[in-house]
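For reference, the structure is listed below as structure tokens.
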2 protein chains.
Amino acid sequence: MQGLARQGLTGQDRDGGPASTQDGRASVGPVQDDLVLAGLALDGRGPLFDQIKRAVAGQILRGRWLAGERLPNEAELSSLYGVSRQTVHKAIALLAREGFLVRRRRAGTFVATGRRDRFALPIEDIGDVVAREGRVYEFRIRDRKSLRNGEGIRWPDLPDGTPILTLECLHFSDGTPIQFERRLVNLDVVPEVVDEAFDVVAPSRWLVDRVPWSSADHSVRAVNATAEMAALLGVEAGAACLSIRRQTMHLSRPVTLVHFLSVGDRFSLSGSSITDSATELNL
Amino acid sequence: MQGLARQGLTGQDRDGGPASTQDGRASVGPVQDDLVLAGLALDGRGPLFDQIKRAVAGQILRGRWLAGERLPNEAELSSLYGVSRQTVHKAIALLAREGFLVRRRRAGTFVATGRRDRFALPIEDIGDVVAREGRVYEFRIRDRKSLRNGEGIRWPDLPDGTPILTLECLHFSDGTPIQFERRLVNLDVVPEVVDEAFDVVAPSRWLVDRVPWSSADHSVRAVNATAEMAALLGVEAGAACLSIRRQTMHLSRPVTLVHFLSVGDRFSLSGSSITDSATELNL
DNA sequence: CGACGGTTTATGTACATACATTATCGTCCA
DNA sequence: TGGACGATAATGTATGTACATAAACCGTCG
């Protein structure tokens, strides 16, 4: 085809309106009209592969292809849009990687089915949450011990005898206690922690900065506050609290095991959580 | 270079051990030794771009490059590994898309900083959870009304007068009530719901199958059970319960607003949640 | 009719090339 | 000194080409 002069499309120098898809394409007429009718028209905003992602994802959202149905193959899409197969491939492969599509060699590309509730709830650092709400965040270390695993406390996923640091910490929002934290740190992985006083940076933040790139498993439950916890958090015994347990791993080694206990009516987990990356597409 | 005959690497017909990276590469010697020393050697498993992703991500995890530091540019990596720039580009661009790296034109590629706790907790359908635990799942519709928004109940994000369906539902695990559900459904979006009896498929599942591709926002709190709820769930009043609120959207229109109330010691949210896609890399 | 095996088709990967885009870095000049 | 400005170095996008891979398809043969 007319090889070049298409890169210019990526910039701001767009001319045609949203419906006119491409500008100087040679064969106007039937093909583009079909596209417009099908609602498949490109919008001219951003790179071509992004436009194609949006066009295809938009059609799926609008029910043009139902779950499980087959999409046109790369060659067909490529000639429909008048772009190379690689460009279509990039767009479709990305949608597949994001979970919208399933691709099988020889069989074709299908709208993903059984997209179950893949909703995910972001779990943020409490300091960030408090700060974002415009409140004053403070914390206080209540207790700190060095010991070995199995001596009084047992960290299941860690061999007995491993040196660990235990921390107890209270978190405040505008002076009100909102969360109690009890943490174990693996000293084999982070020996430097013994020299850290935690008078400025909170343990969670310190660990994230020090040992990034980790994975974790969580569990979130509701529990009634014990008398001791209730006293610490300044609520009456039995108040509903959110209990979050998190174990963090780095290269398959446990780094830290932490229990958060938050007062129910002073703290909530929340977030606009998306079935993966639907927002990226601006639909 | 020696253009072809490299595709064979993607298959199973690998020959060299994990340390020998490529096979018939022309210039053996210093380059590959450097790679091995640097721990950057490819492992020969899977496509080249995946191997490069693993090699680079692995080095970051091992602290070879710290947060904020700059990586070699595409040309350097390309000659290091003896692959084309496109292949390196694909690997690095994917790592950037997954949040591990930040790229700036002319400036270079950097290890992402401030990777905050982007942990995400998957929120599953309760039927799936119960079934996976090997228990018997049942549900019972307790109440069902058709009305208009504002008549007794108000759904904030929906205009007054919009027809809605309200549902109340109890979920059981092995006969024990574990969750109460109160749901509003936007009849403008899903009018078919009035013809659905929900005698086989639970409302959440029905809606997911019917209106996929949605986004949602959640909030999770801990509350003490009211007397009424306690009676329904078979616990004493005041028992700690997990309260999950979810509003689901489709093409910017609210579809359903649902409140789940789960008994604290019979239900927990949990999941191995990963800072994005670290698991994909098998590190 | 069913097992087997070759053909075909659609996706997957890799490389080469070309050009666009965007900061950064120097340099020159006021 | 400092600001404009152009060279430059990095990533970003698009196309063409070639081959690999997997699985569906189909025809043949037992």
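The analysis underlying the following values was restricted to heavy atoms, covering all of them including side chains, and did not include hydrogens, waters or symmetry mates. The sequence lines fix the lettering, A, B, ..., with proteins before strands; numbering per chain opens at 1.
Distances shorter than 4.0 Å separate some side-chain N or O of Lys90(A) from OP1 or OP2 on dT13(D). Dashed line: the shortest gap from a side-chain N or O of Thr109(B) to OP1 or OP2 of dT11(D) is under 4.0 Å. Distances shown here put a side-chain N or O of Arg70(B) below 4.0 Å from the OP1 or OP2 atom of dA10(D).
When each of dA24(D), dA9(D), dA14(C) is scored by its nearest atom to the side-chain atoms of Arg106(A), the top-ranked nucleotide is dA24(D). Of the listed nucleotides (dG16(D), dG12(C), dT17(C)), dT17(C) has the atom at the smallest distance from the side chain of Gln86(B). The side chain of Ala107(A) lies closest to dA24(D) when the candidates are dG12(D), dG12(C), dA24(D).
Screening Glu76(A), Arg70(A), Glu74(A) for a side chain to side chain contact (heavy atoms under 4.5 Å, CB included) with Pro72(A), the sole residue that qualifies is Glu76(A).
The CZ-C1' distance, from Phe49(B) to dA14(C), rounds to 11 Å in whole Å. If you take CG of Asn73(B) and C1' of dT22(C), they are 16 Å apart, rounded to a whole angstrom. The CG atom of Leu77(B) sits 15 Å away from the C1' atom of dA9(D) (whole-angstrom rounding). Arg97(B) has its CZ atom 8 Å from the P atom of dT13(D), to the nearest Å. Atom CG of Leu101(A) and atom P of dG12(C) are 10 Å apart (whole Å). We find that NE2 of His89(A) is positioned 11 Å from P of dA14(C), with the value rounded to whole Å. In this entry the distance linking CG of Asp50(A) with C1' of dA14(D) reads 13 Å, nearest Å. In this structure, Glu74(B) atom CD and dA9(D) atom P are separated by 16 Å, rounded to whole Å.
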Stepwise salt bridge (charged side-chain N to carboxylate O under 4.0 Å, His left out) test for Arg210(B) and Glu196(B): CA-CA 12 Å; Arg210(B) 184 80 33 155; Glu196(B) 176 62 37; 5.4 Å; no
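Taking CG of Asp50(A) as the start and OG1 of Thr87(A) as the end, the distance is 11.5 Å to the nearest 0.5 Å.
Interface remark: the Arg85(A) side chain does form a donor-acceptor pair with the dG12(C) base, using a distance-only criterion of under 3.5 Å. Contact of Arg103(A) with dT11(C) (side chain to base): no donor-acceptor pair of N or O atoms is detected under 3.5 Å.
Scanning both residues, Tyr137(A) and Ala202(A), for their nearest heavy atoms gives OH-CB, 3.8 Å.
Checked for salt-bridge contact, Arg205(A) and Asp128(A) meet the test: a charged N lies under 4.0 Å from a carboxylate O.
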